[in-house]
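The block underneath contains the structure these notes are about, expressed in structure tokens.
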Amino acid sequence: MTEIFLFNTLERKKTQLIPQNPKRVTMYVCGPTVYNRAHIGNMRPAIVFDVLFRLLRHTYGADHVVYARNITDVDDKINAAALAEGVDISVITRKYTEVYHQDIQSLNVLLPNLEPRATAHIGEIIALIQKLIDEGHAYTAEDGVYFHVPSMKNYGRLSGRNLEDMQAGARIEIDEKKKNPADFALWKAAKPNEVSWDAPFGAGRPGWHIECSAMIEKNLGQTIDIHGGGHDLIFPHHENEIAQSECAHGGATLANIWMHNGFLNFGSEKMSKSLGNVLNIAEITATFKPEAVRLAMLSAHYRAPLDWNDDLITQSTKTLDRLYRALENVWLDNVEAIAPQALIEALCDDINTPQALAVLSELVKNANKAQNDVDKKQALAELKGVGALLGILQLTPDEWFNDKPKDDDLNARIDALVAERTIARAEKNWGRADEIRKELAELKVEVKDGADGATWRFL
RNA sequence: GGCCUCGUGGCGGAGUGGUUACGCAGCGGAUUGCAAAUCCGUGAACCCCAGUUCGAUUCUGGGCGAGGCCUCCA
């Protein structure tokens with residue numbers, strides 16, 4: 001078995017993945033807060049960790065990986081959205097959870113094993129907070145419960161900061177209710193018009209970080225193998241998760257490996273809702289195919305920033321055209337996927353998808369050169385193997401090339417032109433044949449003269 | 001201000017202490033009535049300066065430039 005190395009934010013270097021239990025490899029990734037539609041930047045972790053999920057399943061067996069990706073379904077923005085529309089928060093969260101599912105499904109993202117929601121874990125959250133209070137790591141204030149950061153001696157390890165630095169930084173607001181400016185909310189006391197739950201320390205709702213700690217403990221255990229999320233979650237979110245969990249668990253490590261994906265940039269600036277420079281899937285797939293979006297995401301290494309623009313997706317589309325053409329050339333029924341070793345090695349090296357795509361290029365050449373069924377079968381099996389791990393090439397070549405809306409009149413017209421051209425060619429009337437090619441080009445149709453006659457497809 | 005990341009050919013983008021991926025675009029060839037596709041071949045890069053080294057794009061230090069986190073954020 002190829003050893004898997006992953007860049008661990010905690011150590012700032014690649015470290016070998018050594019699961020605590022190879023029969024139950026555990027991974028937790030921070031999913032969306034469902035208060036409005038996710039943008040494509042939010043899709044990057046879904047896709048990146050989907051590839052890792054596929055690799056883990058391939059390596060340890062599909063039944064031996066437990067992947068949880070949470071849904072945050074209670075927070076300030078959700079409350080604000082619900083209040084604005086005059087509905088219960090569940091109306092908002094259900095709606096956007098569904099949209100999220102549709103979006104990631106269109107990108108070939110597998111469902112995780114678990115999709116825990118904060119509101120379904122209020123009991124666990126309360127118990128965890130109570131434990132932190134009991135053990136002196138948290139205290140009750142008039143507006144809720146706070147985690148007392150100085151109570152943890154090695155706070156800041158993940159993000160590489162320490163209390164003194166943070167206090168020197170002018171950006172932490174002084175809040176009289178907190179014992180220390182770095183303290184953060186575990187529980188926010190109930191406010192009028194806001195959803196709340198009863199708790200021994202007063203009615204309220206969970207703070208941002210505590211849900212992940214509680215859900216990990218409940219669903220995956222005290223210590224998990226991999227914890228992932230976007231780069232901007234390192235601080236404060238993941239740092240605080242560590243603080244809560246490890247203080248509640250007598251210092252037991254929350255996650256052995258912490259992984260963080262880089263951002264999508266838009267016009268060389270971070271894509272973010274607050275900057276307003278975002279695109280969602282629907283906006284992109286109006287022009288491009290979703291699979292091209294996925295491939296574009298994988299064209300750069302997951303930790304590197306990726307500039308998002310139309311050229312990038314156009315190039316990915318061209319690449320997929322080439323991949324599906326190769327697939328078409330070797331297409332046979334009932335061929336099982338085989339993952340090539342070179343691909344496994346690329347992915348095992350911190351999910352090096354650009355390297356994986358280089359491997360894929362080699363396979364495409366093999367496929368295009370394959371003359372007999374043995375070679376074709378081998379090439380097809382390997383192409384499928386790559387597709388299965390990267391989550392691409394899941395269509396038949398036919399489905400890829402012919403996904404334009406059907407227009408019978410137009411199709412009939414094109415068929416007639418192609419037929420006429422075939423006759424012209426048979427009569428060696430090249431002038432007319434070329435004229436028809438030109439007409440077809442204006443209809444965005446490409447004609448190919450193959451050994452078995454002319455075929456056409458929409459460009 | 002504190003912490004961190006990055007700077008590779010026309011473009012995208014890996015990687016490496018010496019032989020310098022891969023894709024797109026370009027160029028030459030094969031093939032084609034013409035094309036398309038495909039195959040073969042080919043030119044082209046490592047921000048600047050200093051240091052370590054026999055040798056640095058790769059390591060160290062400095063500089064310049066870009067970006068991120070420190071507040072909600074994938």
Side-chain angles (χ1 to χ4, degrees), chain A residues 9 12 29-33 35 38-49 69 72 75-77 80 156 159-162 164-173 182 184 208 228-237 239 260-265 268-275 278 295-296 298-307 309 311-312 314-319 321-323 325-326 328-329 346 349-350 352-362 364-365 367-369 424-425 428-431 433-434 437-438 440-441 446-451 454-457 459:
Chain A
T9 305
R12 292 192 170 71
V29 171
C30 290
T33 300
Y35 67 99
H39 60 80
I40 42 157
N42 298 311
M43 298 292 145
R44 175 121 97 144
I47 291 172
V48 163
F49 292 106
R69 187 185 56 220
T72 297
D75 96 317
D76 288 340
K77 286 174 185 159
S159 58
R161 28 190 114 215
N162 56 53
E164 294 79 72
D165 289 346
M166 292 173 54
Q167 281 158 352
R171 297 189 64 177
I172 294 179
E173 273 181 53
F184 57 90
W208 177 29
H231 202 261
D232 53 355
L233 296 183
I234 295 173
F235 188 90
H237 185 54
E239 197 68 78
H260 295 95
N261 63 274
F263 290 116
L264 246 47
N265 291 156
S268 78
E269 224 179 11
K270 174 185 171 182
M271 189 180 291
S272 97
K273 285 178 184 171
S274 47
L275 293 174
V278 297
L295 184 64
L298 301 178
S299 68
H301 185 83
Y302 79 91
R303 279 189 282 118
L306 179 60
D307 285 333
N309 54 56
D311 280 354
L312 177 70
T314 300
Q315 191 159 321
S316 294
T317 304
K318 283 172 78 169
T319 300
D321 281 340
R322 187 166 138 268
L323 296 176
R325 257 185 251 117
E328 196 170 38
N329 188 51
D349 181 17
D350 196 30
N352 191 337
T353 53
Q355 179 60 39
L357 295 177
V359 171
L360 190 50
S361 279
E362 196 64 29
V364 165
K365 278 186 187 145
N368 285 330
K369 284 192 273 191
R425 292 187 68 228
K428 297 201 192 302
N429 183 353
W430 308 128
D434 290 348
R437 178 187 287 288
K438 224 169 153 184
L440 288 167
E446 173 194 59
V447 204
K448 289 190 348 182
D449 299 323
T455 55
W456 64 269
R457 59 174 53 141
L459 291 174

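Labels below follow one simple rule: chain letters A, B, ... track the order of the sequence lines, proteins then strands, and each chain is numbered from 1. In what follows, every heavy atom counts, from backbone to side chain, and hydrogens, waters and symmetry copies are set aside.
- Distance Asp232(A) CG to C4(B) C1': 14 Å, rounded to the nearest Å.
- The two residues Arg437(A) and Asp449(A) come nearest to each other via the heavy atoms NH2-OD2, 3.5 Å.
- Among the heavy atoms of the strands, none lies under 4.0 Å from Ile234(A).
- Candidate nucleotides A21(B), G12(B), A74(B) were compared by shortest atom distance to the side chain of Gln355(A), and A21(B) ranks first.
- What separates CG of Asp307(A) from C1' of G67(B) is a distance of 10 Å, to the nearest Å.
- The side chain to side chain donor-acceptor pair (under 3.5 Å) check on Asn261(A) picks up nothing, with sequence neighbours excluded.
- Straight-line distance between the C1' atoms of A45(B) and G51(B): roughly 24 Å, to the nearest whole Å.
- In this view, Asp76(A) and Lys188(A), Arg205(A) satisfy the salt bridge (Lys or Arg N to Asp or Glu O under 4.0 Å) rule, not counting sequence neighbours.
- For Lys270(A), whose side chain is taken as the heavy atoms from C-beta onward, the closest listed nucleotide among C24(B), A74(B), C69(B) is C69(B).
- Out of C72(B), G23(B), G13(B), the shortest distance to the side chain of Lys77(A) is found at C72(B).
- One P atom belongs to C24(B), the other to A37(B), and the distance between them is 10 Å to the nearest Å.
- Residue contacts for Met271(A): at a heavy-atom cut-off of 4.0 Å it reaches a base atom on one of the strands shown.
- Straight-line distance between the C1' atoms of G43(B) and G26(B): roughly 9 Å, to the nearest whole Å.
- Counting all heavy atoms, side chain and backbone alike, Ser272(A) lies closest to His39(A) at CA-NE2, 4.4 Å.
- Contacts of His301(A) with the nucleic acid, taken as non-hydrogen atoms under 4.0 Å apart, involve only primed sugar atoms and P, OP1 or OP2.
- Straight-line distance from the CZ atom of Arg303(A) to the P atom of G68(B): 19 Å, rounded to whole Å.
- Using a 4.0 Å heavy-atom criterion, one finds that Gly229(A) contacts the sugar-phosphate atoms exclusively.
- Rounding to the nearest 0.5 Å places CZ of Arg44(A) at 9.5 Å from CG of Leu298(A).
- A cation-pi arrangement is absent between Arg69(A) and Phe49(A) under the rule of less than 6.0 angstrom and at most 45 degrees off the ring axis.
- The C1' atoms of G18(B) and A30(B) are separated by 37 Å, rounded to the nearest whole Å.
- Rounding to the nearest 0.5 angstrom, the gap separating the CD atom in Gln355(A) from the CG atom in Asp349(A) is 8.5 Å.
- With both ends at atom C1', the span from C69(B) to A74(B) equals 14 Å, rounded to whole Å.
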Could you run down nucleotides 34-41 of chain B 5' to 3' and tag each one B, S or - for protein heavy-atom contact under 4.0 Å?
BBSSSSS-
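- Rounded to a whole Å, the CZ atom of Arg44(A) is 9 Å from the C1' atom of A74(B).
- Remark: the separation of the P atoms in A14(B) and U52(B) is 32 Å, to the nearest Å.
- Counting to the nearest Å, the P atom of C22(B) and the CG atom of Leu357(A) are 13 Å from each other.
- Considering every non-hydrogen atom in both His260(A) and His231(A), the closest pair reads CB-CA, 3.9 Å.
- Within the nucleic acid shown, Asn261(A) comes within 4.0 Å of at least one base atom, counting heavy atoms only.
- Counting to the nearest Å, the P atom of C6(B) and the CD atom of Glu269(A) are 21 Å from each other.
- Comparing Thr319(A) and Pro32(A) by the nucleotide of RNA chain B whose heavy atom lies nearest to each, the residue mapping closer to the 5' end is Thr319(A).
- At the heavy-atom level, Leu360(A) lies nowhere under 4.0 Å from the strands shown.
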Applying side chain to side chain contact (heavy atoms under 4.5 Å, CB included) to Phe184(A) and Glu239(A), what does each step give before you reach the verdict?
CA-CA 11 Å; Phe184(A) 57 90; Glu239(A) 197 68 78; over 6 Å; no
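- Atom NE2 of His231(A) and atom P of C3(B) are 16 Å apart (whole Å).
- Of all non-hydrogen atoms in Ala300(A) and Thr353(A), the two that sit nearest each other are O-OG1, 3.5 Å.
- Put simply, CD on Glu362(A) is 11 Å from C1' on A21(B), counting in whole angstrom units.
- Closest approach of Ala356(A) to Ala346(A), counting heavy atoms only: N-CB, 3.8 Å.
- The same atom, P, is picked in U58(B) and in G62(B); the two are 15 Å apart, to the nearest Å.
- Annotated stems with RNA chain B as a participant read B:1-7 with B:64-70, B:10-12 with B:22-24, B:26-30 with B:38-42, B:47-51 with B:59-63, given as range with range, by first number; only runs of 3 or more Watson-Crick or G-U pairs under 3.5 Å qualify.
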What do the steps show when you test Thr317(A) against Thr314(A) for side chain to side chain contact (heavy atoms under 4.5 Å, CB included), and what is the final call?
CA-CA 5 Å; Thr317(A) 304; Thr314(A) 300; 5.5 Å; no
Within the sub-3.5 Å range, which N or O atoms of nucleotides 42-47 of chain B have a protein N or O partner, and how far apart are they?
none

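- Of the two residues near RNA chain B, Gly41(A) and Ser361(A), the one whose nearest nucleotide lies more 5' is Ser361(A).
- The minimum heavy-atom distance between Ala454(A) and Val447(A), with the atom names listed, is CB-CG1, 4.0 Å.
- Rounded to the nearest Å, the gap between the C1' atom of A66(B) and that of C34(B) is 48 Å.
- Which of C70(B), A74(B), G33(B) sits closest to the side chain of Arg161(A) comes down to C70(B).
- Taking the salt bridge (Lys or Arg N to Asp or Glu O under 4.0 Å) definition, one finds that Arg325(A) meets it with nothing, sequence neighbours left out.
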